[in-house]
Amino acid sequence: MKAVRLHQFGSPRNLIVEDVPDPVPQEGQVRIRVEASGVHVIDTLIRAGGNGAPVPQDLPAILGRDVAGVVEAVGEGVEETWIGERVVAYLGAAGGGYAERALAQAEALHRISPQLDAAAAVAMIGTGRTAVGILDAAALTADDAVLVTAAAGGLGTLFVQAARRAGSVVIGVAGGPTKVEQVRRNGAHVAIDYSVAGWPQQVRDALGEQEVSVVLDGVGGDLGRAAMELLRPGGRLLMFGHSSGTPIPFTSDDVIERGLTTSWVIFSILRAPGGLRALERRALDEAAAGRLLPAVQRYSLEQAARGHEDLENRATTGKVVLVSS
């Protein structure tokens, strides 16, 4: 089979497509003929070999934390009825997704609804489950004005849809006119280009007498701080990452003075009732029902390096997915 292997840490160009033996499912595993595999920000950190990311113990390694496709073989202890089923699975740190075939634990499998293609299923198994967990914590209502940073990204796209369905006023900020137009088409009432100086005032002008009550931020840094400063007294700041490289700079005095509620919602996701698997199932069901529709940017296996480059340079919209030919 063909697989994208990392031989040394560093540049995206270190991701090389090679012919390797097909993996053999062991006890409790299945082999999936991969149709789509997800690319995460953490994949770029692992590839670079730093920034606190968990790096593989041995190289060469095949990255990729989630896959969708068809089960073609099973290991000992797995029912043969899985063979031929369309499935999606989160592989976790074991990786192996950037390939034409991948191994997954049978207990990690979800059957894919006929309404979903493989790329959409991959988007929802990882990014979608995170979105559902964050939205649970946000508890958005029709009384909220919700500001979403990186609103054209994989998570941001889903947040805009969910906030709109909750009846909230939705403000989506993204970088560049193309992304801003996508945010507007996705349903945001207000779409703002954060690369334009003075964008926070544009938000205030658009809202008039209303103020932002909730910020959903995974960017951090100066952008996250500017979004935080738009919050009304008593507003809620939900943080789930810092793709800028640094968290939002603020002190406890900043929070207490304005009566803000701040939370790192990733921790609450890990404690969700039913665990991550329950969030995965809910995310897939939401997509199949048409309530949360992921935006997907597709690359071939041979374009894995370019996918990493584009993700790092913020040149992507939606979820980055590698698709097999």
Looking at every non-hydrogen atom in both residues, tell me the closest pair between [X] and [Y] and how far apart they are.
{"X": "A121", "Y": "A68", "answer": "CB-CB, 4.4 Å"}
{"X": "K2", "Y": "E302", "answer": "CD-OE2, 4.1 Å"}
{"X": "Q182", "Y": "G318", "answer": "NE2-N, 4.4 Å"}

[X] side chain vs [Y] backbone, donor-acceptor pair below 3.5 Å:
{"X": "S195", "Y": "G175", "value": "no"}
{"X": "S113", "Y": "A288", "value": "no"}
{"X": "S244", "Y": "V219", "value": "yes"}
{"X": "N313", "Y": "A315", "value": "no"}

Original post:
Any side-chain donor paired with an acceptor under 3.5 Å for R277 and H110?
Top reply: yes

Original post:
Any chance the side chains of T149 and D217 put a donor and an acceptor closer than 3.5 Å?
Top reply: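 Short answer, yes.
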
Subject >> Ring centroid separation F240 to F159 under 6.0 Å >> reply: yes

**OP:** Decide yes or no for R47 and H308: does some side-chain heavy atom of the first lie under 4.5 Å from some side-chain heavy atom of the second?
**Re:** yes

Assess whether a salt bridge exists between [X] and [Y], defined as any Lys/Arg side-chain N lying under 4.0 Å from an Asp/Glu carboxylate O.
{"X": "E229", "Y": "R225", "answer": "yes"}
{"X": "D144", "Y": "R236", "answer": "yes"}
{"X": "R258", "Y": "D254", "answer": "no"}

Subject >> NZ or CZ of R129 within 45° of Y90 ring axis and under 6.0 Å >> reply: yes

Subject >> Residue from I125, I32, V70 passing side-chain contact (heavy atoms from CB on, under 4.5 Å) with V87 >> reply: I32

